[in-house]
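It should be emphasised that the depicted structure is a prediction, and the values quoted were computed from it without experimental measurement. Quick note: numbers below take in every heavy atom, side chains included, and nothing from hydrogens, waters or symmetry partners.
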Amino acid sequence: MMGNSVHLLACKKEERNLAEWHIGVIGGSGLYDPGALDDGQEIAVNSAFGEPSGPVTTGTLDGVRFTFIARHGKGHALGPTQVNYRANIDVLKRCGVTDVLAISAVGSLQEKLAPGHFVTVDQFIDRTTMRERSFFGDGVVAHVPLADPTCPRLTDHAAKAARKAGAKVSGKACYVAIEGPQFSTRAESDLYRNWKADVIGMTGMPEARLAREAELPYALLGMVTDYDCWHSPDADVDVSDIIKVMRENAELARTTLAHLASSLPGQRPASPIDTVLDNAIVTDRNAWSPSNLLRLDAIAGRLLKKSQGQRA
């Protein structure tokens with residue numbers, strides 16, 4: 001059960017143990033209550049990249065550590081453009097998270113993906129324009145590979161857990177991320193369908209990009225709340241319908257997390273994403289400024305520690 005809330009304001013980062021699962025969950029609307037956690041605590045963690053959406057809630061489910069953050073903040077106070085995606089990912093990394101599962105509401109661009117379905121995402125088309133997309137570039141340059149932006153292993157675990165919870169799950173969806181906060185025009189919706197996109201949302205990017213830069217395997221489980229406006233020539237997307245489906249699916253999503261916790265292997269196998277920065281950073285470490293070192297101490301902390309050991 002949830003314990004007493006504890007508030008800690010610090011930039012200190014926890015050491016990650018990559019042999020043990022620690023799942024960071026970024027919840028969309030309707031998933032702000034993580035349910036019963038053993039030794040649950042609410043912790044406010046500062047980020048070197050500004051204010052995160054809010055405190056994290058951390059504890060264990062079936063012996064597996066989970067750390068939750070509400071993407072849109074308490075009471076859904078932040079719009080999709082106002083979310084500080086960099087700070088949210090940075091905070092999860094500071095908490096020692098090894099993998100990130102995003103749970104998000106999405107609209108459907110395909111007839112077969114009816115409201116109430118869950119989908120796992122394996123590709124993105126990024127149409128966002130107003131968001132910070134990288135931790136790097138201000139004195140330290142990095143180019144991470146992103147051909148396959150989600151982690152197939154974590155995606156598979158999440159899909160199996162959702163099916164066990166009773167959800168109808170479709171896989172290998174292509175997610176088109178739009179800036180919002182407005183929904184699409186009919187012309188845009190038809191265009192995205194012609195691009196073979198399957199679902200549409202406003203938060204999957206740059207979240208997936210930043211998770212990759214932070215060496216965090218990332219999976220996105222989408223809850224289909226509606227058909228985008230392509231589906232009916234006489235009707236528009238209705239927020240009240242979206243909220244209704246999200247509320248209906250919230251308990252199913254929480255049950256999915258419980259099944260995920262109970263089904264993960266006892267030991268976490270290594271992932272190639274754990275070390276993706278090894279060949280991505282092109283700026284010589286000796287050229288990093290003190291401010292770079294402070295800002296990237298969580299995101300690139302593994303490499304900083306490695307380079308310090310080599311100099312010792």
Item to complete: Step by step, work out the salt bridge (charged side-chain N to carboxylate O under 4.0 Å, His left out) result for Lys160 and Asp156.
Response: CA-CA 6 Å; Lys160 288 178 179 177; Asp156 184 58; 3.2 Å; yes

Practice prompt. Please check if any side-chain donor atom of His22 sits under 3.5 Å from a side-chain acceptor atom of Thr67, or the reverse.
Written response: yes

Worksheet item: Is there a side-chain contact between Pro80 and Tyr85 (heavy atoms, below 4.5 Å)?
Response: yes

Worksheet item: Name the one of Arg86, Lys93, Arg94 that satisfies side-chain hydrogen bond (donor to acceptor under 3.5 Å, both in side chains) with Asp90?
Response: Arg94

Discussion item. Quick one about His72 and Gln82 (side-chain donor to acceptor, distance below 3.5 Å, no hydrogens or angles considered), yes or no?
Written reply: no

Practice prompt. Show your working on side-chain contact (heavy atoms from CB on, under 4.5 Å) between Val97 and Ile23 and close with a plain yes or no.
Written response: CA-CA 6 Å; Val97 160; Ile23 308 297; over 6 Å; no

Worksheet entry | Nearest-0.5 Å distance, CG of residue Leu260 to CZ of residue Phe66 | 4.5 Å

Worksheet item: Under 3.5 Å, is there a donor-acceptor pair between the side chain of Glu20 and the main chain of Gln267?
Response: no

Worksheet item: Leu221 and Ala162: which non-hydrogen atoms are nearest, and at how many Å?
Response: CD2-CB, 4.4 Å

Worksheet item: Could you give the distance from OG (Ser53) to CD1 (Ile69), rounded to the nearest 0.5 Å?
Response: 5.5 Å

Discussion item. In this structure, would Trp21 and Leu18 fall into the same cluster of hydrophobic residues linked by side-chain contacts under 4.5 Å?
Written reply: no

Worksheet entry | Charged N-O contact under 4.0 Å between Asp126 and Arg133 | yes

Practice prompt. Evaluate the side-chain proximity of Cys95 to Leu92: yes if any heavy-atom separation is below 4.5 Å, no if none is.
Written response: no

Discussion item. If the threshold is 4.0 Å, N to carboxylate O, is there a salt bridge linking Asp278 and Arg302?
Written reply: yes

Discussion item. Do His117 and Met223 have side chains that approach each other closer than 4.5 Å (heavy atoms only, starting at C-beta)?
Written reply: no

Discussion item. Using every non-hydrogen atom in the two residues, find where Thr120 and Gly171 come nearest and quote the distance to one decimal.
Written reply: OG1-CA, 3.2 Å

Discussion item. Count I, L, V, M, F, W, Y as connected when their side-chain heavy atoms are under 4.5 Å apart, and connections chain through other members. Are Leu191 and Ile178 then in the same cluster?
Written reply: yes

Worksheet entry | Non-hydrogen atoms of Ser104 and Thr203 that approach each other most closely | OG-OG1, 3.9 Å

Discussion item. side-chain contact (heavy atoms from CB on, under 4.5 Å) for Leu101 and Ile26? Distances and angles first, verdict last.
Written reply: CA-CA 6 Å; Leu101 174 62; Ile26 305 176; over 6 Å; no

Worksheet item: Any idea which heavy atoms bring Asp122 and Thr150 closest together, and the distance?
Response: CA-OG1, 3.3 Å

Item to complete: Evaluate the side-chain proximity of Val169 to Val119: yes if any heavy-atom separation is below 4.5 Å, no if none is.
Response: no

Worksheet entry | Side chain proximity check, Thr185 to Cys229, heavy atoms < 4.5 angstrom | no

Worksheet item: What distance do Ser47 atom OG and Asn84 atom CG have between them, rounded to the nearest 0.5 Å?
Response: 6.5 Å

Fill in: Side-chain touch Ser184/Ile200, heavy atoms, less than 4.5 angstrom
yes

Worksheet item: Given the rule in the side-chain contact (heavy atoms from CB on, under 4.5 Å) test, do Leu37 and Thr60 qualify, once you have shown the distances and angles that lead to the verdict?
Response: CA-CA 5 Å; Leu37 285 173; Thr60 59; over 6 Å; no

Item to complete: Could you check whether the rings of Phe49 and Phe135 sit parallel, tilted or perpendicular, using 30° and 60° as the cut-offs?
Response: perpendicular

Worksheet item: Thinking salt bridges, do Arg268 and Asp99 make one under a 4.0 Å N-O criterion?
Response: yes

Worksheet entry | From OG1 (Thr98) to CG (Asp274), nearest 0.5 Å | 8.0 Å

Discussion item. Looking at Tyr218, is its backbone amide N or carbonyl O close enough to the side chain of Glu207 to form a donor-acceptor pair, meaning the two atoms are under 3.5 Å apart?
Written reply: no

Item to complete: Before accepting this row, confirm whether a basic side-chain N of the pair Arg131/Glu179 lies closer than 4.0 Å to the acidic partner's carboxylate O.
Response: yes

Discussion item. What I want to check is whether the side chains of Asp228 and Ser189 have a donor and an acceptor closer together than 3.5 Å.
Written reply: yes

Worksheet item: Should we say atom CG of Asn279 is surrounded by more than 12 heavy atoms from elsewhere, each under 6.0 Å from it?
Response: no

Item to complete: Check whether any side-chain heavy atom of Leu113 lies under 4.5 Å from a side-chain heavy atom of Asp198, and answer yes or no.
Response: yes

Worksheet item: Is it true that Val141 and Ile281 fall in one hydrophobic cluster, defined by side-chain heavy atoms closer than 4.5 Å?
Response: no

Worksheet entry | Heavy-atom closest pair, residues Ala261 and Leu61 | CB-O, 3.3 Å

Practice prompt. Determine yes or no for a side-chain-to-main-chain donor-acceptor pair under 3.5 angstrom, with Arg153 supplying the side chain and Pro269 the backbone.
Written response: yes

Worksheet item: Can you find a side-chain donor-acceptor pair between Glu213 and Ser134 that sits under 3.5 Å?
Response: yes

Practice prompt. Fit a plane to each ring of Tyr227 and Trp230, take the angle between them on a 0 to 90° scale, and name the class: parallel (under 30°), tilted (30 to 60°) or perpendicular (over 60°).
Written response: perpendicular

Worksheet item: Nearest 0.5 Å, what's the CD-CG distance between Glu51 and Leu78?
Response: 10.5 Å

Practice prompt. Determine whether Ile273 and Phe136 fall in the same hydrophobic cluster, where Ile, Leu, Val, Met, Phe, Trp and Tyr are linked whenever their side-chain heavy atoms lie under 4.5 Å apart.
Written response: no

Worksheet item: Could you go step by step and tell me if Leu296 and Val140 meet the side-chain contact (heavy atoms from CB on, under 4.5 Å) rule?
Response: CA-CA 9 Å; Leu296 296 170; Val140 180; 4.1 Å; yes

Worksheet item: Distance from Leu210 atom CG to Met205 atom CE, nearest 0.5 Å?
Response: 9.0 Å

Worksheet item: Is there side-chain contact between Phe118 and Asn249, with heavy atoms separated by less than 4.5 Å?
Response: yes

Item to complete: Return the minimal non-hydrogen interatomic distance between Asp284 and Trp288, and the atom names on each side.
Response: O-CD1, 3.1 Å

Item to complete: Using distance alone, with no hydrogens and no angle criterion, decide if Gln123 and Tyr175 have a side-chain donor and acceptor under 3.5 Å apart.
Response: no

